[in-house]
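Have a look at the structure below, then the notes.
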Amino acid sequence: MTSYREAGVDLEGAERHVANIAAAVTSTWDDGVIGGFGGFAAGVSVPEGYRRPVLMMTTDGVGTKLEIARLANTWGGVGRDLVAMCVDDLAAVGARPIGFVDYMAVGSLREDRDRLIVGSVAEACRMAGCPLLGGETAEHPGVMADDAVDLAGAAMGVVEMGEELRPDRVQIGDVVVGLHSPNLRSNGFSLVRALFAEEITSLTDLFLDPSVIYSPAVLRAAATGVVASAAHITGGGLVGNLARALPPNLGADIDTSTWRRPDVFDLLGERGVSAEQLYATFNMGIGFALIVSPGGVDEVIAATRQHFPRIIGSVTAEPGVRLR
């Protein structure tokens, strides 16, 4: 074995992949992007209007939901899962996404699949109003299975210093507004795969439904000035993630009868997962939570109306998140 190709790396395929994705990537760019496609790095200028801009960064992946996509050979929604996990984390601190990069590792390059995946990332970036600045596609022959894919990303955001959404702004009596999630988004799939191992491919439409992107609506709500803190409901469920948005000396009472949970969660319960485990693992129909001053609820509901907002609880003096 004396060449890279003999070792399993397709350099010509890599060049074709870069050419295939160029239009999708650059379609997300605006005048704030600095650099050119195919360079070693690209940058983005801080948008005008910030006096003391704070740059925020976050990173995440799609997780084992990708295994279901592989089994079904269905890739059109995975980019939205990836972008949502990152930009919605930024939104939880009030940061506007201004740049995104992705990393895709594959056992071997497959033109149609890989173009579709990167195209879905670019489409999701357009939905989030965030340029896809670049990324990396790495071929790992002999390390990953030939048809395996892993997908991760990182997002940069900006927020005005002093205007971040954070727990120390929360007060007793604040209202918790929940935003609807119609599906599992991109969390809990190791359990899903274990529960439905023999029939997973017959339920791919249900399990591969792509994630909602909350960032634009959350940022509109944050701009009203009445949102104190926020929680992106991902792995760890409503209980674990809402607790991260509260100061240690305060808690929240959540009324689970205030929203209808999607049928997919009942399906999981029918497989023997307890209610406690469901709420500790999945979003249960609430993908994002905003902690709002009581007088500002109407403004927040108007700003997030596309996500069917509803009051689901309130902040209390007793620490911890309690479901009833």
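Just so you know, these numbers use all the heavy atoms, side chains as well, and skip hydrogens, waters and symmetry mates.
With hydrogens and angles disregarded, no donor-acceptor distance shorter than 3.5 Å links the side chain of Arg80 to the backbone of Glu123. With hydrogens and angles ignored, the 3.5 Å screen pairs no side-chain donor or acceptor of Thr64 with any backbone N or O of Glu67. Glu318 places no side-chain N or O within 3.5 Å of a backbone atom of Gly251 that could act as its donor or acceptor partner. Looking only at distances, a side-chain donor or acceptor of Arg310 sits under 3.5 Å from a matching main-chain atom of Thr258. Thr58 contributes no side-chain N or O that, together with a main-chain N or O of Ala155, makes up a donor-acceptor pair within less than 3.5 Å. Remark: the backbone N or O of Ser211 is paired with a side-chain donor or acceptor of Asp81 at under 3.5 angstrom. Side chain of Glu160 to main chain of Arg52: a donor-acceptor pair is present (N/O by atom type, distance under 3.5 Å, no hydrogens or angles). Proximity of a side-chain donor or acceptor of Arg185 to a complementary backbone N or O of Val212 within less than 3.5 Å is detected. Using a distance-only test at 3.5 Å, with no hydrogens or angles considered, a donor-acceptor pair links the side chain of Tyr214 to the main chain of His180. Without hydrogens or angle criteria, Arg322 side chain to Pro319 main chain gives a donor-acceptor distance under 3.5 Å.
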Q: Apply the test side chain to side chain contact (heavy atoms under 4.5 Å, CB included) to residues Met104 and Val149: give CA-CA distance (whole Å), side-chain angles for both, the deciding distance (0.1 Å), then the verdict.
A: CA-CA 7 Å; Met104 182 166 67; Val149 176; 4.1 Å; yes

Q: Please assess Met85 against His232 for the test side chain to side chain contact (heavy atoms under 4.5 Å, CB included), listing each intermediate value before the final yes or no.
A: CA-CA 9 Å; Met85 292 304 105; His232 182 199; 4.3 Å; yes

Q: Take Leu179 and Val218, measure what side chain to side chain contact (heavy atoms under 4.5 Å, CB included) needs, and give me the verdict at the end.
A: CA-CA 9 Å; Leu179 306 186; Val218 170; 4.1 Å; yes

**Q.** side chain to side chain contact (heavy atoms under 4.5 Å, CB included) evaluation trace for Leu184 with Asn187
**A.** CA-CA 6 Å; Leu184 299 171; Asn187 306 109; over 6 Å; no

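Residue Asp298 places its CG atom among 12 or fewer non-hydrogen atoms of other residues, nucleotides or ligands, all under 6.0 Å distant. Annotation for Glu198: atom CD does not count as buried by contact number, only 12 or fewer foreign heavy atoms lying within 6.0 Å.
For the residue pair Ser229 and Val170, the shortest heavy atom distance occurs at CB-CG2, 3.5 Å. Gly296 and Val226 make their closest contact through O-CG2, 3.6 Å (heavy atoms, listed as atom of the first residue, atom of the second, distance). Minimum heavy-atom separation, Ser120 to Gly76: CB-O, 3.3 Å. When all heavy atoms of Ser202 and Glu199 are compared, the closest pair comes out as OG-O, 2.6 Å. Across every non-hydrogen atom of Val159 and Ala95, the tightest pair is CB-CA, 4.0 Å. Residues Arg113 and Asp147 share a closest heavy-atom pair of NH1-O, 3.6 Å.
At a threshold of 4.5 Å between side-chain heavy atoms, the hydrophobic network of Ile, Leu, Val, Met, Phe, Trp and Tyr places Ile172 and Val292 in two separate groups. Linking Ile, Leu, Val, Met, Phe, Trp and Tyr whenever their side-chain heavy atoms come within less than 4.5 Å puts Val273 and Phe189 in one cluster. Hydrophobic clustering (side-chain heavy atoms under 4.5 Å, transitive across Ile, Leu, Val, Met, Phe, Trp, Tyr) groups Val87 together with Ile117. Connection of Leu71 to Phe207 is established within a shared hydrophobic cluster, with ILVMFWY side chains joined at heavy-atom distances below 4.5 Å, either directly or through further cluster members. Placement of Leu323 and Val177 in two distinct hydrophobic clusters is found when ILVMFWY residues are connected by side-chain heavy-atom separations under 4.5 Å, directly or transitively.
The shortest side-chain heavy-atom distance between Lys65 and Leu208 falls under the 4.5 Å cut-off. Residues Val121 and Val83 are in side-chain contact: their nearest non-hydrogen atoms beyond the backbone lie under 4.5 Å apart. Contact annotation: the side chain of Met156 never approaches that of Met56 to less than 4.5 Å [non-hydrogen atoms, C-beta and beyond]. With contacts defined as side-chain heavy-atom distances shorter than 4.5 Å, the pair Leu55/Ile98 qualifies. When side chains are defined from C-beta on, Ser181 does not count as touching Ile233, because their heavy atoms never get closer than 4.5 Å. In this structure, Val192 and Ile200 have side chains that are in contact, with non-hydrogen atoms separated by less than 4.5 Å. Two residues are said to be in side-chain contact when any heavy atoms from C-beta on lie closer than 4.5 Å; Val315 and Gln171 fail this criterion. For the pair Phe282/Leu191, a side-chain contact is recorded, criterion being any heavy-atom separation below 4.5 Å from C-beta on.
Atom CZ of Arg16 sits about 10.5 Å away from atom CZ of Arg115, to the nearest 0.5 Å. Interatomic distance, CG of Asp114 versus CG of Leu109, reported as 5.5 Å (0.5 Å rounding). In this structure, CG on Asp174 lies 11.5 Å from CG on Leu290, to the nearest 0.5 angstrom. In this structure, the separation between CH2 on Trp75 and CG on Asp112 is 13.0 Å, given to the nearest 0.5 Å. Between atom CD1 of residue Ile311 and atom CD1 of residue Ile254 there is a gap of 11.5 Å, rounded to the nearest 0.5 Å. The CD1 atom of Ile312 lies 4.5 Å from the CD1 atom of Ile286; values are rounded to the nearest 0.5 Å.
Trp29 and Phe37 have tilted rings, their planes meeting at an angle from 30° to 60° on a 0 to 90° scale. The aromatic rings of His140 and Tyr103 are tilted relative to each other, their planes meeting at an angle between 30° and 60°.
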Got a list of side-chain donor-acceptor pairs under 3.5 Å for residues 126-138, not counting sequence neighbours?
{"from": "Arg126", "atom 1": "NH1", "to": "Ser27", "atom 2": "OG", "distance (Å)": "2.5"}
{"from": "Thr137", "atom 1": "OG1", "to": "His17", "atom 2": "NE2", "distance (Å)": "2.8"}

Less than 3.5 Å apart, which donor and acceptor atoms pair up between the side chains of residues 238-246 and the rest of the protein, not counting sequence neighbours?
{"from": "Asn241", "atom 1": "OD1", "to": "Arg244", "atom 2": "NH1", "distance (Å)": "2.9"}
{"from": "Asn241", "atom 1": "ND2", "to": "Thr234", "atom 2": "O", "distance (Å)": "3.3"}
{"from": "Asn241", "atom 1": "ND2", "to": "Gly235", "atom 2": "O", "distance (Å)": "3.2"}
{"from": "Asn241", "atom 1": "ND2", "to": "Gly237", "atom 2": "O", "distance (Å)": "2.8"}

For residues 300-309, dump all side-chain donor-acceptor pairs below 3.5 Å to protein atoms at least two apart in sequence or in another chain.
{"from": "Thr304", "atom 1": "OG1", "to": "Val300", "atom 2": "O", "distance (Å)": "2.8"}
{"from": "Gln306", "atom 1": "OE1", "to": "Arg220", "atom 2": "NH2", "distance (Å)": "2.7"}

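Taking the charged nitrogens against the carboxylate oxygens, Asp266 and Arg260 have no contact shorter than 4.0 Å, which rules out a salt bridge. For the pair Arg324 and Asp253, the salt-bridge criterion is not met [side-chain N within less than 4.0 Å of a carboxylate O].
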